[in-house]
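Notes follow the structure.
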Amino acid sequence: MELIDLSLIWAVIIAFGVMMYVLMDGFDLGLGILFPFAPDEQARDVMMNSVAPVWDGNETWLVLGGAGLLGAFPLVYSVFLPALYIGVFLMLAGLIFRGIAFEFRFKSHRSRHWWNRAFCWGSAVATFAQGAVVGTYIQGFETEGFAYVGGPLDWLTPFTVLTGIGMMIGYSLLGSTWLILKSEGHIQQWAYRVTPRLLAAVLVIFLIISFWTPFIDPAVWERWFGHLRWIWVLPMLALACMTLLIWSLRRRHEALPFLSTLGIFLFTYLGLVVSKWPVIVPPDHTIWDAASAPESQLFLLIGVLFVIPIVLVYTAWTYWVFRGKVRVGEGYH
Amino acid sequence: MELDPLLLSRLQFAFVVSFHAIFPVFTIGLASYIALLNGLFYGTGTPAWERLAIFWTKVFAVVFGMGVVSGIVMSFQFGTNWSNFSQAASNFLGPMLSYEVVTAFFLEAAFLGVLLFGRGKVPQGVHLFASVMVALGTFISSFWILSANSWMQTPAGVELADGMFRVTSWGEAIFNPSFPYRFSHMVLASFITGGFVVAGVSAWYLLIKRDVDANKRALSMCLWLLLFLTPAQALVGDFHGLNTLEHQPTKVAAMEGNWETRSGVPLLLFAWPDQEAQENLVELGIPNVASLILTHHLDGEVPGITEAAPDEQPPVWFVFWSFRVMVGLGFLMIAVALAGLWLRRGGRVYQHRGYLQLLRVMSVSPFIAVLAGWFVTESGRAPWLVQGMMTHAEGLTPSLTGGMALFTLIGYIAVYAVVFYAGMYYLTKVVRNGMTIQDEEDEVDEVERPKRPWSAAHVPFDDDTAKVEG
């Protein structure tokens, strides 16, 4: 039984699922946050149309991650959710509102401004909550045995507010570079204009969080300033992607800005993962403490290994079918 | 005033799950109906079947979308409000709920898109296959959920050590004693719900004389279906009750309003159970019939509620009356189905305005009956969360305060009110729009792009859209 470390396999699957979620739902949430700043209603149509075919597929990773956690690392599920009780509610409410806004904005005219608001506020609130989850994960949880014993608003601190805002700006950057890829004309010009400003803000917050984190958790300090030198490659790569982004914006590349932003997120995310590894419920519990029974992990693994490739193929196919520019007026007749 | 997080969490779970249940209970039945219509069209080539299939697929898309939106919350509720239970039962419940998600994704990823958007774009046989797979997928989804719920009613195949349930036999845990009965009861309920909704909508179309030919066929089909399914449901429900008597006698005692263990128990038609006094204040019943139903002997012995200590009893009046609502509606549905058979002579069933109006009203009855049935089985288990092994209080999140629970309870009610209002408003539009075939040009335009279920229904949300677009 112990020949294979199932907890390790599951940790990789969950980490992969979360990454897929952040990268993919990130840009469509980001477009929601940018919605009120768009130059005109045409731009908003294009923004929404550019993610309409893919957004719900993006969100399936969130549900898969949530259910997978209950099956594989129940401790994460039963500590994170009570600790972030209010935040989880806000995130779900936000996601629901923007979900129905997607459906009904296309079908309405008189009530359209309401759906615009629902889309923007839902995206902003959900993103802030997700950023706060990351911040809370860095902060750690007050637990006793296998239960959370802290207060209802312990998660809301200056640090988590910063990570929440950081996530909003980061997702906006994903959104604006996605829009460069998918739009043309004055909308693309607008996206080219806002992207550098967003990048500057992301860089500032990235640096503040990076310097703040080791002071919050001594283990993170130890990890970064101990003997594991190779991990410095990750922030270096993240900074390299930022440079690439600036360069590609100057050269008016269309696809490269989005790809390099994905790189920024990927390497920052990996940096966070190695900071904490193998702790999954900070400060004390590792992936092996948090694991469910091996037979349960194995039972679920079979189904998940079967379905993940199918979801990946289907996702890739959807993006392929809807490749290319989204044009103004397309879809409205 | 002290806010009780336990009571508020139970209310919240009941609200969210009841609200959510409305949608799948309908879509499970409807998915099979659509597959049947597609099959009939494939076999006979009669255009009416296709018109019906197109129309009901639109309705399916909207209801399915609302089910998904309201269901996302469910997968987080276990952790937010019932973290001790989630932690303790995760070895079994985790894989069950995850498999439900996995099944649903597989279904959505592979076949839902083809069903909703593939008509005319893929070969007819492939489209039929996709609709059969979607129907099958809804059954597999409910299989996992009902297995998990049944396990909480009649736990098996696990051992409890150090506060954690550990699975000793997956077979016994998944196919626990009440599962086959609950699953059959629920699948039949879904078919009956689908049947009454389709019958109700068809009746309305016949009343206003729209698409008369197609709707006559639909109504006729539904009435035949209901004629057999409604009595079958009474029979399955009876078996389910006997199974409950074996494993959860206190629940059955509360359903019957029978406080003392005794023989020759009457079937109570009306009673006012008083939990404090541990007796019924008023009762009106038919002598010996409850004994006859439960033991198949007129003087059979039936266990009473007082077998359980007062703090281990469910809220009797609630279980008692929910049960009566369910059974009462069940018999009403049988009567309506029989009346349909009688009116068939000479085709009166399609013209009889009173009967058609009755069918319209009856389309809500299965939803009420299903919710009442769930109230019986869930509150009848109280105070147990996992029967005999873990109580509601033990399963609650320890850090949860009354204020937090109240905040999210109000929050979810507000969010769902908006979702429900928008969804129902839109669904009404879809139905009013009727079976007119939309301009196929719309589809080519790639405006509302595939995959989002609701975009399968090409109906504007508010009235003046057409003008603005024109």
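Residue numbers begin at 1 in each chain, while the letters A, B, ... track the order of the sequences.
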Please look at M164(B) and chain A and tell me whether the side chain, the backbone, both or neither of the residue comes under 4.5 angstrom of a heavy atom of that chain. neither
For I302(A), is it the side chain, the backbone, both or neither that has a heavy atom under 4.5 Å from a heavy atom of chain B? both
Give, as side chain, backbone, both or neither, the part of F97(A) having an atom under 4.5 angstrom from any heavy atom of chain B. side chain
What I want to find out is whether D4(B) reaches R10(B) closely enough, with some N-O distance under 4.0 Å, to be called a salt bridge. no
Ignoring hydrogens and geometry beyond distance, is a side-chain donor-acceptor pair present between Q139(A) and T157(A) at under 3.5 Å? yes
Residue T397(B) versus chain A: region with a heavy atom under 4.5 Å: side chain
Using a cut-off of under 4.5 Å on heavy-atom pairs, state which of S83(B), S86(B), S70(B), S98(B) scores highest against chain A. S98(B)
When the 4.5 angstrom heavy-atom criterion is applied to W82(B) and chain A, the contacting part is neither
Would you verify whether the NZ or CZ of R112(A) falls within 45 degrees of the ring axis of W115(A) while also being under 6.0 Å from that six-membered ring's centre? no
Let's test your reading of the structure: which of F92(B), F407(B), Y412(B) forms the most heavy-atom pairs below 4.5 Å with chain A? Y412(B)
Is N91(B) close to chain A through its backbone or its side chain, or both, or neither, when contacts mean heavy atoms under 4.5 Å? both
Would you say F85(B) and M152(B) make side-chain contact, with heavy atoms under 4.5 Å? yes
Report yes if the distance between the aromatic ring centroids of F165(B) and W151(B) is under 6.0 Å, otherwise no. yes
Under 4.5 Å heavy-atom distance to chain B, tell me which part of L64(A) shows up: side chain, backbone, both or neither. both
Name the region of V102(B), side chain, backbone, both or neither, that has any atom closer than 4.5 Å to a heavy atom of chain A. both
Under 6.0 Å between the ring centres of F76(B) and Y85(A)? no
Checked S90(B), A414(B), G403(B) vs chain A; the most non-hydrogen pairs under 4.5 Å come from S90(B)
